[in-house]
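Numbering of ligands and ligand atoms starts at 1, following listing order.
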Amino acid sequence: MLPNVLTVAGSDSGGGAGVQADLKTMLALGVHGMSVVTAVTAQNSLGVQGAWELPAEAVRAQYRSVVDDIGVQAVKTGMLATAPLVEAVAELLADTDAPVVVDPVGVSKHGDPLLASSALDSVRGALLPVATVATPNLDEVAQLTGVRVEKEDDLRAAAGALLAFGPRWALIKGGHLAGDAVDLLTDGSEEHWLRAPRHDNRHTHGTGCTLASAVAAGLAKGLTVPQAVRAAKEYVTGAIAAGFRLGAGIGPVDHGWRLR
Ligand SMILES: Nc1ncnc2c1ncn2[C@@H]1O[C@H](COP(=O)(O)OP(=O)(O)OP(=O)(O)O)[C@@H](O)[C@H]1O
Ligand SMILES: Cc1ncc(CO)c(N)n1
């Protein structure tokens, strides 16, 4: 039987990020992907043209439908848009035994807001405490903790500040630094540095969603957190190397690179 993995995230009409990226990643990594849609974005390679969140009731109902009948072996969260949705999702996840990967999505690659600033306190106080792994990029960790990362060494301080909010593991993504693409995974005692060559490819839409979903897929298959993160890093690095032009702006990573 395939492990079941659930994404709780926003829809990206362009297919490169959000729920669409998550489900493609899950297919590519051999798990059964399911979705709780939190918001719908009108989005393409040029940016986000509009965003509409669902009522918390609709999010809760989708979650119950999936969990009560089908069951989940891992959950990933992405765009949650507003404080009421963050609170509703955190409350649902507080009750699950499945590992939870929280990608605290703040803004899109083009700088469009995907989370209300009024929701940051709920992310800190309700969502991060239920995370098995939290995977912020540098902007997100700065917003959540106040720690600005300018060089690789600063990743340690950012991770420490994030862990203070309660996730079991912090995976700080240094993808926006110059040089190699270096991420730090730590639980406060173990440190795992993940290093990959930077691909000089502008078509990187969806990297963060893809990495977090791949971590969830690995956890659902029974890997440990460090094993799942290493496997996910390899997968996303290959997907970035194969990223392709789509539309006039930033194209998506290639979720199917391993299947070809
Ligand atoms: N040009 C690149 N070459 C290789 N790896 C990269 C590159 N850019 C990012 N990465 C890696 O991709 C993963 C995702 O990191 P990134 O910082 O891009 O996430 P993100 O900003 O949340 O993505 P997005 O919001 O666009 O979905 C990390 O493992 C990072 O190191
Ligand atoms: C719906 C959605 N979720 C996440 C991201 C992060 O890149 C995005 N651009 N769109």
| Quick one: which ligand 2 atoms are inside 4.0 Å of a heavy atom on His205? |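 Result: 9 (N).
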
| note | Here the atoms of ligand 2 under 4.0 Å from any heavy atom belonging to Ser11 are 1 (C)

Please state which protein non-hydrogen atom is closest to [atom] and give its distance, to 0.1 Å?
atom: atom 27 (O) of ligand 1; value: Gly208 N, 2.9 Å
atom: atom 3 (N) of ligand 1; value: His199 N, 2.9 Å
atom: atom 7 (O) of ligand 2; value: Ala17 CB, 4.1 Å
atom: atom 5 (N) of ligand 1; value: Ala181 CB, 3.3 Å
atom: atom 10 (N) of ligand 1; value: Ile240 CD1, 3.5 Å
atom: atom 23 (O) of ligand 1; value: Thr207 OG1, 2.9 Å
atom: atom 9 (C) of ligand 1; value: Gly175 CA, 3.8 Å

| field | Partner of Leu115 by side-chain contact (heavy atoms from CB on, under 4.5 Å), out of Val105, Val86, Val107 | value | Val86

| request: Kindly compute the distance separating OG1 (Thr132) from CZ (Arg168), expressed to the nearest 0.5 Å. | output: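 Between atom OG1 of Thr132 and atom CZ of Arg168 there are 5.0 Å.
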
| task | Please report the closest heavy-atom contact between Val102 and Leu128, naming both atoms and the distance. | result |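 The answer is CG1-CD2, 4.4 Å.
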
| field | Over all atoms of both residues, closest heavy-atom pair of Lys109 and Thr204 | value |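 So the minimum-distance heavy-atom pair works out to NZ-O, 3.0 Å.
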
| said: Please determine whether the number of non-hydrogen atoms from other residues, nucleotides or ligands lying under 6.0 Å from atom CZ of Arg198 exceeds 12. | reply: yes

| message | With a sphere of 6.0 Å drawn around CZ of Arg258, does it hold more than 12 non-hydrogen atoms of other residues, nucleotides or ligands? | response | yes

| said: Please check this pair: side chain of Glu91 against backbone of Ala88, looking for a donor-acceptor N/O pair closer than 3.5 Å. | reply: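 Pair absent, no side-chain N/O of Glu91 close to backbone of Ala88.
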
| Does any N or O in the side chain of Ser35 come within less than 3.5 Å of the main-chain N or O of Thr7, such that one atom is a donor and the other an acceptor? | no

Which atoms of ligand 1 sit under 4.0 Å from any heavy atom of [X]?
X: Lys109; result: 18 (O), 23 (O), 24 (P), 26 (O)
X: Cys209; result: 27 (O)
X: Lys173; result: 14 (C), 15 (O), 17 (O), 19 (O), 20 (P), 22 (O)

| field | Sole candidate of Lys233, Arg230, Arg195 that passes salt bridge (charged side-chain N to carboxylate O under 4.0 Å, His left out) when paired with Asp183 | value |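 The residue from Lys233, Arg230, Arg195 that satisfies salt bridge (charged side-chain N to carboxylate O under 4.0 Å, His left out) with Asp183 turns out to be Lys233.
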
May I ask you to identify, for [X], whether its side chain, its backbone, both or neither come under 4.0 Å of ligand 1 on a heavy-atom basis?
X: Pro197; answer: backbone
X: Asp183; answer: side chain
X: His205; answer: neither

| query | With a 4.0 Å heavy-atom cut-off (strictly under), which part of Gln43 contacts ligand 2: side chain, backbone, both or neither? | reply | side chain

| query | Hey, is Cys209 touching ligand 2 through its side chain, its backbone, both or neither, going by heavy atoms under 4.0 Å? | reply |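 Just the side chain.
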
| field | Side-chain touch Ser13/Asn44, heavy atoms, less than 4.5 angstrom | value |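 Heavy-atom side-chain distance check fails, nothing below 4.5 Å.
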
| query | Hey, does Asn201 come in under 3.5 Å of ligand 1, counting only N/O atoms on both sides? | reply |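 In this structure, Asn201 places no N or O atom under 3.5 Å from an N or O of ligand 1.
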
| said: Can you check which of Asp103, Thr210, Leu114 brings a heavy atom nearest to atom 8 (C) of ligand 2? | reply: Leu114

| request: Determine, considering heavy atoms only, which of His176, Arg202, Lys233 sits nearest to atom 17 (O) of ligand 1. | output: His176

